[in-house]
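Some notes on the structure that comes next.
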Amino acid sequence: MKGNASTSRALNRRLILNLLRNRGPVSRAELAVITGLSPAAVTFVVTELIEDRLLVEREAVTSSNGRRPIPVDINYEAHLALGFKLNRNSIDCVLTDLATIPLATMETAVANTSPEGMIEAIKDAIPRLLAQAGRKEQDIMGIGVSIPGEVDPKKGVCLQSPRFGWYDLPFAELLAERVHAPVWIDDDVNAFAIAQKLFGAGRNHRNFAALAIGAGIGCSLVLNGEIYHGSNGAAGKLGHITTIPQGELCECGRRGCLMAHAAEPYMIAEWGRKRGEPATRTDFVAAAEAGEDAVVAILQEAGSRIGRHLADLVNLFDPEIIVVGGEAVQFGEALLGPLKRSMNEFLFFSRPELQTDWVASSWARGAAALATQSIFDFERSPSG
Ligand SMILES: [Zn+2]
């Protein structure tokens, strides 16, 4: 590997931080044994990370030979990340520690989805989140924003978001100018996958898929420990695979996409058509909970449809597991049962396990993880 002293220093920092993230507190001597670094190198890096308030010494535990090695751990509490998930009419906001544990959450309504409207709403939310958690602005290490659409995370540019009518928008730079903090952006499903990779079901997997079913359908691929973005930030767009040629109009402008035939807005509209009266999401959820036949049939059809295309994705990428999230996980087995059955029917060889991982704050935590992951991955630098 070519490189200089500062690259190897950065690599050693990342090595130690990721080891502690995966294992929890470990003593300096054990760190040297596990990493293969010299004890002097470990001491050097650990001292530096403690000075940066990224590591902290925890209480010593007496080992079997009577020694009391002092474990070092990530100083999760010392730094804060802000996460914002942009929706059509609202923004999910969260303030987290470095482990993406929420310290404050709120939802703020947005009247207009222009970039300026979104940026203003984010700017207004920051002091409110800090006040809710009783924390100070100087502890913020970064801001992550997740956007539905195609994003170039390295340049901080939203390539397109049909939902908001944004094209080639340097959103990270625009926001960073207003809030004076480093800003990272990514597609919302990739953000969800990053949170899963750092501290969720994907933590111990090098290859996995994160599937999100909600207002849209998306799938993020983690290959060899990294999010696979593709050459145009458009990898994993499971929701825009054609499922019915010339079918329903999708928000992308094409017809017959999977999300136009299986995401929540379709399911709710379809129920409205069947009963001859428009339905809201609340009505649909209540009817699903009551086990109403028409709704059960719609969930079954949508689940089967998603499962069939998910099988193709597994046949192409062979992930170890599939983590499923998004609002539609709320429908449980009524949706996921048919999805699994249909996927299994069309699988070629691998049989990856489906793990659901969903709490209401998952989306916003994913956005915050865009910022925290910069601590664990020094290859990516922020805009601003
Ligand atoms: Zn589409």
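For clarity, every value in this text was computed on a predicted model and none was experimentally measured. Just follow the structure's listing: the first ligand is 1, and inside any ligand the first atom is 1. All residue numbers refer to positions in the sequence shown, counting from 1.
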Considering residues, nucleotides and ligands other than Y228, do more than 12 of their heavy atoms fall under 6.0 Å from its OH?
no

Polar contact flag, side-chain donor to acceptor under 3.5 angstrom, N344-R341:
no

Can you list, by chain and residue number, the protein N, O or S atoms under 2.8 Å from the Zn ion (ligand 1)?
H240 ND1, C250 SG, C252 SG, C257 SG

If I compare all heavy atoms of L223 with all of N207, which pair ends up nearest, and what's the gap?
CA-OD1, 3.3 Å

Taking the side chain from Q132 and the backbone from T105, do they hold a donor-acceptor pair closer than 3.5 Å?
yes

Could you state whether L159 and M118 fall into the same hydrophobic cluster, counting links through intermediate Ile, Leu, Val, Met, Phe, Trp or Tyr residues with side-chain heavy atoms under 4.5 angstrom apart?
no

Between the main-chain N or O of L80 and the side-chain N or O of D139, is there a donor-acceptor pair closer than 3.5 Å?
no

